[in-house]
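This is the structure I want to talk about, given as structure tokens.
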Amino acid sequence: MKNRILELKKQKNALILAHYYTIPEVQDIADFVGDSLALAKAAASTNADIIVFAGVHFMAETAKILNPTKKVIIPDLNAGCSLADSCPADQLATFLQQYPDHLVLSYINCSAEVKALSDIIVTSGNALKIVQSLPEDQKIVFTPDRNLGAYINSTLQREMVLWDGACHVHDQLTADEVFKLKVKYPNAKVLAHPECKATILALADFVGSTAAMLQFTETDLTMEYIVATETGILYEMHKRNPDKIFHIVNSSETCSCNDCEYMKLNSLSKIYSALKNEEPELILDQELMEKAKLPILKMLEMS
């Protein structure tokens with residue numbers, strides 16, 4: 001299957017992008033594996049004719065917005081995102097009417113329609129930097145992740161208005177589970193994604209994006225970690241640090257409740273089928289793409 005995919009990819013001048021949360025064999029076949037920021041940059045700079053996006057729907061939308069003339073295909077159209085779904089564009093538009101003098105910052109984990117309502121897109125890897133670069137008196141509405149927004153508010157002493165959305169994977173992780181692991185592994189450092197609740201972030205030795213956590217494990221001298229994010233990150237962590245030990249929060253032999261079922265829909269057979277048939281293809285309205293592209297380009301300029 002891998003050989004067939006590689007052959008098709010070469011024939012069709014295709015690029016396979018995959019997120020760290022996909023299954024290991026998908027990460028292995030990808031031309032580029034990264035977090036949302038890195039994947040957005042990779043999509044913006046590709047010379048490929050076809051982009052196969054092994055991730056979730058909003059990520060493929062971002063690739064299409066940045067490459068409107070290229071064919072973007074998704075291995076499984078059902079690979080959605082609970083965080084993006086928590087912020088319907090029509091409801092956000094009504095909400096924003098209450099804050100006409102506010103700048104709208106949206107986390108990249110949102111639909112193309114929400115991006116089109118935004119002034120600047122951010123990722124967990126650059127959100128702090130971008131917000132910090134804005135004037136302190138700048139009024140901001142932050143969508144859709146309340147946990148990431150609260151983390152930024154707390155860290156930078158801001159008072160951004162927050163949309164009440166969350167990632168179901170990160171939002172269900174509990175401080176109690178972190179405590180249990182800290183007691184069981186007292187020498188381990190806690191790494192947490194800022195999509196987690198504040199009670200978990202308060203227990204963390206390091207808070208950062210997927211890419212930032214990976215980099216931290218490579219440079220930090222600690223040999224054992226408790227990791228509060230989606231389970232898929234462990235594959236890359238083990239690859240980069242074969243001698244280190246990682247414990248995922250709220251996961252056991254009988255429970256992998258912090259798996260993102262949408263990311264896990266991506267498989268080699270679906271990637272092969274998508275490449276062979278060049279479908280399902282992501283189609284977006286031209287006017288929508290033009291509006292959504294502006295805040296993404298603003299992000300890339302600022303990061």
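Keep in mind it's a predicted model, so treat the numbers as computed, not measured.
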Side chains of T174 and D176, donor plus acceptor under 3.5 Å: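 Short answer, no.
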
Check for a donor-acceptor pair, side chain of D171 on one end and backbone N or O of H168 on the other, with a separation under 3.5 Å. no

Does CD belonging to E159 count more than 12 external heavy atoms closer than 6.0 Å? no

Going from CG on D49 to NZ on K12, what distance comes out if it is rounded to the nearest 0.5 angstrom?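 If we round to the nearest 0.5 Å, D49:CG and K12:NZ are 11.5 Å apart.
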
Would F58 and L148 show up in the same hydrophobic cluster when neighbours are defined by side-chain heavy atoms closer than 4.5 Å?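 In one cluster: yes.
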
Taking all non-hydrogen atoms of both residues into account, name the closest pair between T143 and S106 and its distance.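 Closest approach of T143 to S106: OG1-OG, 2.7 Å.
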
Counting N and O atoms only, with roles assigned by atom type, does the side chain of D220 sit under 3.5 Å from a partner on the main chain of F216, one being a donor and the other an acceptor?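 No; zero donor-acceptor contacts below 3.5 Å.
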
Using the rule that two of Ile, Leu, Val, Met, Phe, Trp, Tyr join whenever any of their side-chain heavy atoms come within less than 4.5 Å, decide whether V207 and L156 are in one cluster. yes

Please confirm whether the backbone N or O of M299 pairs with a side-chain atom of N126, one donor and one acceptor, at under 3.5 Å? no

Does the side chain of E195 come within less than 4.5 Å of N109's, by heavy atoms? yes

Measuring from L83:CG to R146:CZ, what's the distance to the nearest 0.5 Å?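 CZ of R146 is found 9.5 Å from CG of L83.
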
Is it true that a side-chain atom of D259 and a backbone atom of E261 form a donor plus acceptor pair closer than 3.5 Å? no

Does N153 reach the side chain of R158, with side-chain heavy atoms less than 4.5 Å apart?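 Answer yes - side chains close enough.
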
If you round to the nearest 0.5 Å, how far is CE of M160 from NZ of K139? 15.5 Å

Fit a plane to each ring of W163 and F95, take the angle between them on a 0 to 90° scale, and name the class: parallel (under 30°), tilted (30 to 60°) or perpendicular (over 60°).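 Rings of W163 and F95: perpendicular, over 60°.
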
Exercise: do Y262 and S82 side chains pair donor with acceptor under 3.5 Å: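 No - no donor-acceptor pair under 3.5 Å links their side chains.
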
Within this structure, what is the CD1-NZ distance for the pair I296 and K291, rounded to the nearest 0.5 Å? 14.5 Å

With a 4.5 Å cut-off on side-chain heavy-atom distances among I, L, V, M, F, W and Y, is there a chain of contacts connecting L297 to I130?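 Yes.
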
With a cut-off of 6.0 Å (strictly less than), are more than 12 heavy atoms of other residues, nucleotides or ligands near CZ of F32? yes

Connecting only ILVMFWY residues whose side-chain heavy atoms lie within less than 4.5 Å of each other, what is the rest of L8's hydrophobic cluster?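 Answer for L8: M1, I5, L6, I16, I23, V26, I29, I50, V52, I73, L268, I271, Y272, L275.
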
Would you tell me whether N241 and T217 have side-chain atoms, one donor and one acceptor, within less than 3.5 Å of each other? yes

Tell me whether E287 at atom CD has more than 12 heavy atoms from other residues, nucleotides or ligands lying less than 6.0 Å away.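 No.
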
E290 atom CD, neighbour heavy-atom count above 12 within 6.0 Å: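 Counting neighbours around CD of E290, more than 12 heavy atoms of other residues, nucleotides or ligands fall under 6.0 Å, so yes.
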
Does the pair I248 and E230 meet the rule for a side-chain contact (heavy atoms from CB on, under 4.5 Å), with working shown? CA-CA 8 Å; I248 199 76; E230 209 273 350; over 6 Å; no

Working note: K10 + E7, criterion salt bridge (Lys or Arg N to Asp or Glu O under 4.0 Å); need CA distance, chi angles, decisive distance, verdict. CA-CA 5 Å; K10 184 177 180 180; E7 184 178 346; over 6 Å; no

Does K244 reach the main-chain N or O of T222 with its side chain, forming a donor-acceptor pair under 3.5 Å? yes

Just wondering, more than 12 heavy atoms not from R4 lying within 6.0 Å of its CZ? no

Counting only heavy atoms not in Q138 (residues, nucleotides, ligands), do more than 12 fall under 6.0 Å from its CD? yes

Under 3.5 Å: donor-acceptor pair, side chain of K71, backbone of A14: no

State, yes or no, whether a side-chain contact exists between F53 and T62 at a heavy-atom distance under 4.5 Å. no

Using a 4.5 Å cut-off on heavy atoms from C-beta on, say whether the side chain of D243 contacts that of M223.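 Heavy-atom side-chain distance check passes, below 4.5 Å.
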
Please tell me if the side chains of M59 and V56 come closer than 4.5 Å, counting only heavy atoms from C-beta onward. yes

Among the clusters formed by ILVMFWY side chains lying less than 4.5 Å apart, do I140 and Y151 turn up in the same one? yes

For F246 and Y225, take the angle between the two ring planes, folded into 0 to 90°, and tell me which bin it lands in: parallel under 30, tilted 30 to 60, perpendicular over 60.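 Because their plane-to-plane angle is under 30°, the rings of F246 and Y225 count as parallel.
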
Under a 4.5 Å cut-off applied to non-hydrogen side-chain atoms, are P144 and Y107 in contact? yes

Could you tell me whether E61 and K64 make a salt bridge, using a distance below 4.0 angstrom between a side-chain N and a carboxylate O?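 Judged by the 4.0 Å cut-off on N to carboxylate O distance, E61 and K64 do not form a salt bridge.
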
Quick one, L134 and L105 - any side-chain contact, counting heavy atoms below 4.5 Å? yes

Mind running side-chain contact (heavy atoms from CB on, under 4.5 Å) on Y99 and V104 for me, showing each step along the way? CA-CA 9 Å; Y99 307 99; V104 182; over 6 Å; no

Between the side chain of N266 and the main-chain N/O of G55, is any donor-acceptor distance below 3.5 Å? yes

Between T46 and A43, is there a donor-acceptor pair closer than 3.5 Å when you use the side chain of the first and the backbone of the second?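 Here the side-chain-to-backbone pair does not exist.
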
Approximate separation, where rounding is to 0.5 Å, of C110 SG and D145 CG: 11.0 Å

Working to the nearest 0.5 angstrom, can you tell me the gap between L214 CG and E236 CD?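 Output value for this atom pair is 6.0 Å.
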
Verify same cluster id: I121, V114 (apolar side-chain graph, 4.5 Å):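 Not linked; separate clusters.
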
Pairwise side-chain contact, Y21 with T229, heavy-atom cut-off 4.5 Å (strictly under): yes

